[in-house]
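These notes concern the structure reproduced below.
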Amino acid sequence: MPWSLYLALKQLFPTGRIFSFYSGISIVGVMLGVMVLLIVQTVMNGFGDKIRENIVARDADIRIVSNNILYDWKDLLIELEARDSVLAATPYAEGVVMMKNGQVPFMPFIRGIHLDREAKVFPVEGFLSNVPLSELRCTLDDLDDEKIILGVDLAASLQASAGSVLEIFTPLMLEKAKQDEVLLPRELELAGVFQSGWYEVDSNTAIVTLRVMQELYGLGRGIHGIALKLKDGVDAELESRVLQEHFDEKGVPVRALSWLKKNESFLFFLNMEKWVMFFIMIFIVLVASFSITVTLSVSVLRKTREIGLLAALGARSGQVAMTFCMQSISIGVIGVGLGIGGALLALHYRNAVIQALLGLFNAQDSFYQLYGFEGIPVAYSIRDFVLVSVFTLLLTTLAGLLPAIRAARLKPAEALRSE
Amino acid sequence: MSEAGRSVLAAREVVKKFSGPDGSVIEVLNGANLSVSQGESLSIRGESGSGKSTFLNVISWLDQPDGGSVVWDGTEVPRISSREIARRRSEVLGFVFQSYCLMPELDVLENVLMAARVLGRIGRPEKERAENLLCQVGLQDRLKQLPGKLSGGERQRVAIARALINRPSVLLADEPTGNLDEKTADTVMELLLHLCRDETAALVLVTHNPLFAKRADRQVTLSGGRFNDQ
């Protein structure tokens with residue numbers, strides 16, 4: 001072992017003591033910084049992954065959409081279904097309507113689905129079976145051209161119960177009203193409710209048959225788009241580009257949008273949020289590194305005579321500097337090691353900790369309603385662990401440079417004379 | 001020249017100047033000449049501020065002179081690189097300071113071995129030599145003690161063992177008994193002279209005590225920046 005490392009370790013862990021007080025404070029500072037950075041990054045990864053999973057679960061892998069109504073969609077549907085990468089395809093039409101239950105109005109999003117195909121692309125049956133056993137629980141078989149299924153929170157907002165007849169007003173009716181025609185709403189009976197677990201969806205979405213939607217929006221036999229479910233392992237983004245090239249070559253005026261493209265902004269902000277958090281948390285490590293600089297600077301002052309002694313024993317100024325650099329590197333290595341250990345421990349017991357905290361404020365229900373997760377999700381990323389470790393080690397090494405240079409610049413004779 | 005008469009340390013026309021607080025130049029060493037032979041003990045006396053410690057710093061090259069040259073065991077110091085100076089210093093010179101200068105984080109044995117570590121020599125022979133030296137200075141039962149638990153005399157004995165671990169040609173002792181009571185000082189001085197004789201190391205002793213100075217083979221006085229043989 002080089003003597004500079006030996007002496008550095010001895011100054012951090014003096015003979016007869018576990019560690020020196022000042023070194024301990026510095027190590028704890030680095031450890032806390034690393035812990036916080038890793039915990040935040042890992043939880044943010046977990047939230048991101050969970051949100052992506054939910055997007056994938058409630059959305060199609062690819063949507064084929066057009067600026068105009070798609071009338072000749074049946075050939076396109078057959079062609080798409082014939083592709084090796086496609087597992088299933090379903091046509092849909094969607095838009096906004098005004099809905100009334102008695103005197104309670106609402107303006108939800110309404111989706112017309114193909115009863116035989118929808119379940120092959122969207123997990124709609126899972127959403128229906130999520131509903132607790134009650135008169136509002138139904139299956140897709142209960143849906144026909146006279147019925148409607150509502151999101152569980154939308155039904156609650158409309159105060160609708162099983163058998164309620166809802167009046168539907170569409171933009172097409174407004175056009176007719178302008179021409180002084182009598183405005184008669186379409187009446188649909190509530191067949192049941194669904195529960196996706198996403199409040200935005202459950203509070204604002206209604207499902208009807210594709211035929212009803214075509215009638216409401218005056219589409220004739222047209223649709224708004226085709227949703228695709230891809231086979232396992234097929235990259236949605238890559239496949240959407242292949243499809244787009246194919247459509248462009250054939251001159252078909254449609255666009256292929258992957259779920260990634262469709263949610264691009266949201267996913268971008270999700271990722272940005274993670275890196276903004278990282279940036280903010282960096283300051284904890286910066287403060288810890290600054291405390292290393294202060295501790296080692298004080299150490300240089302206290303050990304001035306010992307620095308002179310080292311020169312008398314034959315040490316070169318570079319070796320004296322290395323002793324202090326080795327101290328900051330050792331503090332960094334130990335702090336990072338303990339920080340990683342602490343972060344893994346805290347993440348392992350995260351749910352127990354959060355349960356205890358929520359219990360204190362009696363806020364368990366609010367937490368689950370807000371996030372829709374059973375616990376705090378985590379996703380361990382080796383890249384994040386390496387990044388945080390390397391970054392922290394770099395900062396702690398730099399933190400030792402200033403005191404190391406000061407020590408190296410001391411004149412041995414003057415250092416030996418110091419009181 | 002016989003082995004015993006070989007010069008192991010020499011200062012030739014050494015000049016050292018300092019700037020005073022008012023900007024004036026103070027010439028502390030003014031063409032100082034001194035030569036020490038192997039195994040010889042030499043005491044340096046002089047008034048406070050006469051430049052005794054400065055002379056030790058200059059001949060050990062811890063402080064560079066403004067003129068003249070220094071020779072260590074046949075090597076003219078200004079002619080070698082700073083890396084070589086550091087290595088030769090640890091091989092040729094051993095230091096004993098008035099304030100002991102022990103490292104508080106290291107125990108007695110580790111303090112002695114530190115000098116060998118810096119020279120890159122750390123193994124069983126060095127450890128055995130360190131234990132042997134500590135036995136000779138009467139600290140064989142205190143190897144694992146921290147310096148803070150030792151008396152002043154014991155600390156200085158550790159410092160003597162450390163100074164001798166690398167078998168130096170010359171031991172430079174700057175007021176080694178300055179912080180000790182009379183009886184302890186006498187014991188330490190006797191030990192220092194005895195060990196230097198055993199190791200055939202030359203001793204350059206800076207002291208105010210005339211009785212200790214007389215125990216050396218040769219005595220000189222530093223006055224007006226030059227040595228006067230007594």
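Each chain gets a letter, A, B and so on, in the order the sequences are listed, and its residues count up from 1.
Residues B/Arg162 and A/Leu309 have side chains in contact (heavy-atom distance under 4.5 Å, counting atoms from C-beta outward). Here the side chains of B/Cys101 and A/Leu416 are in contact, with some heavy-atom distance below 4.5 Å. For the pair B/Glu105 and A/Glu306, the minimum side-chain heavy-atom distance is below 4.5 Å. The side-chain heavy atoms of B/Ile85 and A/Arg316, taken from C-beta on, include no pair separated by under 4.5 Å. Between B/Asn57 and A/Glu414, the closest side-chain pair of non-hydrogen atoms is not below 4.5 Å.
Of the two parts of B/Ser99, the backbone and the side chain both hold a non-hydrogen atom closer than 4.5 Å to a non-hydrogen atom of chain A. Heavy-atom distances place both the backbone and the side chain of B/Arg83 under 4.5 Å from chain A. Contacts between B/Asp107 and chain A at a heavy-atom distance below 4.5 Å involve backbone atoms as well as side-chain atoms. For A/Tyr6, the part sitting under 4.5 Å from any heavy atom of chain B is the side chain, from C-beta outward, and nothing else. Using a 4.5 Å cut-off between heavy atoms, A/Lys10 touches chain B through backbone and side chain atoms alike.
Side-chain N or O atoms of B/Arg117 include none that pairs as donor or acceptor with a backbone N or O of A/Met1 at under 3.5 Å.
Summarising the local packing, CD of B/Glu13 is surrounded by more than 12 heavy atoms from other residues, nucleotides or ligands at distances under 6.0 Å.
Counting heavy-atom pairs closer than 4.5 Å to chain A, the top residue among B/Gly120, B/Ala116, B/Ser90, B/Gly94 is B/Ser90. In terms of heavy-atom pairs under 4.5 Å with chain A, the best-connected choice from B/Leu102, B/Leu93, B/Asn166, B/Leu146 is B/Leu146. Comparing B/Pro104, B/Ser53, B/Ser82 by how many heavy-atom pairs each has under 4.5 Å with chain A, the most go to B/Pro104.
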